[in-house]
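This structure is a prediction, so every number in the text was calculated from the model and none was measured.
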Amino acid sequence: PPPPPPLLNGRGMVDIKLPAMPEEEEQFAALIFPGFESNAFIWQVTCWQVAEFVLSMCLGHNRANPTPCVLYRLGASWGPAV
């Protein structure tokens with residue numbers, strides 16, 4: 001049998017093939033989000049921010065707010081530690 005295809009594409013990122021959306025869904029998405037590009041820098045930064053927020057909430061929170069200790073552990077500056 002032939003070897004499996006490589007996981008990384010030319011840019012060093014994992015290449016995932018998703019099933020194609022039906023044409024009417026694509027048109028609806030283009031109507032709601034005109035000019036949306038999933039490889040745009042701002043979209044990637046937003047995804048990282050959401051992931052970091054979810055991580056901070058998993059590590060510890062107080063009524064849906066990350067605790068200062070968790071934020072400090074993740075790299076935020078904290079007055080008493082200065």
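- Residues Ser77 and Tyr72 fail the side-chain proximity criterion, which asks for heavy atoms closer than 4.5 Å.
- Thr67 contributes atom OG1, which lies 9.5 Å from atom CE of Met57 (distance to the nearest 0.5 angstrom).
- Through direct or relayed side-chain contacts under 4.5 Å between Ile, Leu, Val, Met, Phe, Trp and Tyr, Leu74 connects to Leu55, Leu59, Val70.
- Note: the hydrophobic cluster containing Ile32 also contains Trp43 (ILVMFWY, side chain heavy atoms under 4.5 Å, direct or indirect links).
- Cluster partners of Phe41, using a side-chain heavy-atom cutoff of under 4.5 Å among ILVMFWY residues and allowing indirect links, are Val45.
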